[in-house]
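Below is one structure, written out as structure tokens, with a few remarks after it.
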Amino acid sequence: MAKKPTYEELEQTVTELKKEFSRRMRTKDALRQSEETARALLNATSDSAILIDIKGTIIAINEIAVRRLGKTKSKVIRMNLFDMFLTDVAKAGKIWVEEVIRTGEPVHFEDQSQDLIFINTFYPLFDRQGKVEKLALYSRKIGRASCRERV
């Protein structure tokens, strides 16, 4: 038969539980604040910022990218990035992703979507074993194709 804890032992256990609860709440608040800071930084830029897995599935996206894609954030999360572009743009993007996965190095490239020109960079994000598991895409609109052609 198990021995019943004393009042002092129960009181000590409750005190330890309160301390642990308080520690976890501080950790949760710090994580929330860190997420808010990261979100604010990504949304403060005029560049599109998109996080994808190696198959192109969107994991995270900033507000400017959502607007440029012409969709809502809830619609694009978990969609494949390349399904939202014309075939030639999507095909080129997939080739760049394969290059980043193969080399583990960032790639920089320019593309045109409709009449807009963008400079893009795919950056690899590695898992603990050093294998590319995600890619960060930053895309900057640099002008209109019609304006560039006239120069």
Side-chain angles (χ1 to χ4, degrees), residues 12-151:
Q12 182 180 359
T13 300
V14 168
T15 300
E16 289 172 11
L17 287 171
K18 285 180 180 179
K19 285 179 185 177
E20 178 64 18
F21 179 76
S22 179
R23 186 188 66 76
R24 287 184 185 216
M25 291 305 293
R26 285 191 306 274
T27 301
K28 183 179 175 182
D29 287 344
L31 179 59
R32 182 189 47 75
Q33 186 174 10
S34 177
E35 288 173 348
E36 288 174 1
T37 300
R39 191 176 303 112
L41 282 170
L42 285 173
N43 287 323
T45 182
S46 60
D47 294 351
S48 295
I50 305 171
L51 180 66
I52 62 172
D53 67 14
I54 59 173
K55 294 180 181 179
T57 304
I58 297 173
I59 299 166
I61 187 167
N62 71 347
E63 296 302 323
I64 191 77
V66 169
R67 285 195 302 272
R68 283 187 178 150
L69 291 171
K71 302 193 181 294
T72 63
K73 192 171 191 172
S74 63
K75 294 278 185 194
V76 297
I77 297 294
R78 292 183 294 282
M79 284 184 69
N80 189 287
L81 175 65
F82 304 111
D83 290 344
M84 292 184 253
F85 294 103
L86 299 173
T87 305
D88 57 337
V89 173
K91 186 176 180 181
K94 289 176 184 178
I95 290 170
W96 291 120
V97 165
E98 290 170 7
E99 177 76 7
V100 173
I101 293 168
R102 186 178 62 74
T103 66
E105 296 291 326
V107 295
H108 311 280
F109 61 98
E110 189 176 292
D111 70 14
Q112 183 175 332
S113 181
Q114 298 165 358
D115 70 332
L116 299 175
I117 299 172
F118 295 90
I119 292 180
N120 307 289
T121 304
F122 275 117
Y123 292 96
L125 300 170
F126 302 95
D127 64 14
R128 291 180 187 228
Q129 289 75 39
K131 183 178 174 185
V132 176
E133 70 172 347
K134 296 176 184 138
L135 295 99
L137 167 63
Y138 295 91
S139 182
R140 174 173 291 164
K141 182 175 79 170
I142 60 170
R144 295 193 173 277
S146 57
C147 294
R148 262 183 102 160
E149 290 170 2
R150 283 189 238 146
V151 175

>> Rounded to the nearest 0.5 Å, what separates atom CZ in F122 from atom CG in L135?
In response: 6.5 Å
> Taking only residues two or more places apart in sequence, or in another chain, which ones meet R128 in a side-chain contact (heavy atoms from CB on, under 4.5 Å)?
Replying inline: none
> In Å, rounded to the nearest 0.5 Å, how long is the span from CD of E63 to CG of L42?
Replying inline: 10.5 Å
>> For E99, is there any backbone N or O sitting under 3.5 Å from a side-chain donor or acceptor partner on T103?
In response: yes
> Which residues pass the side chain to side chain donor-acceptor pair (under 3.5 Å) test with N120, sequence neighbours left out?
Replying inline: D111, S139
>> Return the CG to CD distance between D127 and Q129, rounded to the nearest 0.5 Å.
In response: 4.5 Å
>> Run the side chain to side chain donor-acceptor pair (under 3.5 Å) test against S46 and tell me which residues pass, sequence neighbours left out.
In response: none
>> According to ring-ring contact (aromatic ring centres under 6.0 Å, His included), does anything in residues 124-144 pair up with another residue at least two apart or in another chain? List the pairs.
In response: Y123-Y138
> How many angstroms lie between atom NZ of K19 and atom CZ of R24, to the nearest 0.5 angstrom?
Replying inline: 15.5 Å
>> Please determine whether side chain to side chain contact (heavy atoms under 4.5 Å, CB included) holds for the pair T15 and Q12, giving the CA-CA distance in whole Å, both sets of side-chain angles, and the decisive distance to 0.1 Å.
In response: CA-CA 5 Å; T15 300; Q12 182 180 359; 5.6 Å; no
>> I'd like to know if the side chain of T37 and the backbone of Q33 have a donor-acceptor N/O pair within less than 3.5 Å.
In response: yes
> So which heavy atom on V76 is nearest to which on M84, and how close?
Replying inline: CG1-SD, 4.0 Å
> Does the pair E20/R23 count as a salt bridge with the N-to-O cut at 4.0 Å?
Replying inline: yes
> To the nearest 0.5 Å, what is the distance between CD1 (I119) and NE2 (H108)?
Replying inline: 10.5 Å
> How would you list, by chain and number, every residue that makes a side-chain contact (heavy atoms from CB on, under 4.5 Å) with T45, sequence neighbours excluded?
Replying inline: D47, N62
>> Suppose we screen for side-chain contact (heavy atoms from CB on, under 4.5 Å). Which residues come up paired with K94, at least two apart in sequence or across chains?
In response: F82
> So, do T27 and L31 sit near enough that their side-chain heavy atoms are less than 4.5 Å apart?
Replying inline: no
> Around atom NZ of K73, are there more than 12 heavy atoms of other residues, nucleotides or ligands at under 6.0 Å?
Replying inline: yes
> Do you know which two heavy atoms are closest between P106 and T121, and how far apart they sit?
Replying inline: CB-CG2, 4.4 Å
> Nearest heavy-atom pair of V132 and G104: which atoms, and what distance?
Replying inline: CG2-CA, 4.2 Å
>> Give me the atom names and distance for the closest heavy-atom approach of I50 to A65.
In response: CG1-CB, 3.8 Å
>> To the closest 0.5 Å, what do you measure between CD1 (I117) and NZ (K141)?
In response: 11.5 Å
> Could you walk me through whether F85 and L69 pass the side chain to side chain contact (heavy atoms under 4.5 Å, CB included) check?
Replying inline: CA-CA 9 Å; F85 294 103; L69 291 171; 3.9 Å; yes
> Shortest non-hydrogen contact from K55 to N80?
Replying inline: O-ND2, 2.7 Å
> Which pair of heavy atoms, one from A60 and one from I77, lies closest together, and at what distance?
Replying inline: CA-CD1, 3.9 Å
> Would you say T57's side chain and D53's backbone share a donor-acceptor pair under 3.5 angstrom?
Replying inline: no
> Considering only heavy atoms from C-beta outward, does the side chain of L51 approach that of I61 to under 4.5 Å?
Replying inline: no
>> Quick check: do K134 and I52 have side-chain heavy atoms less than 4.5 Å from each other?
In response: no
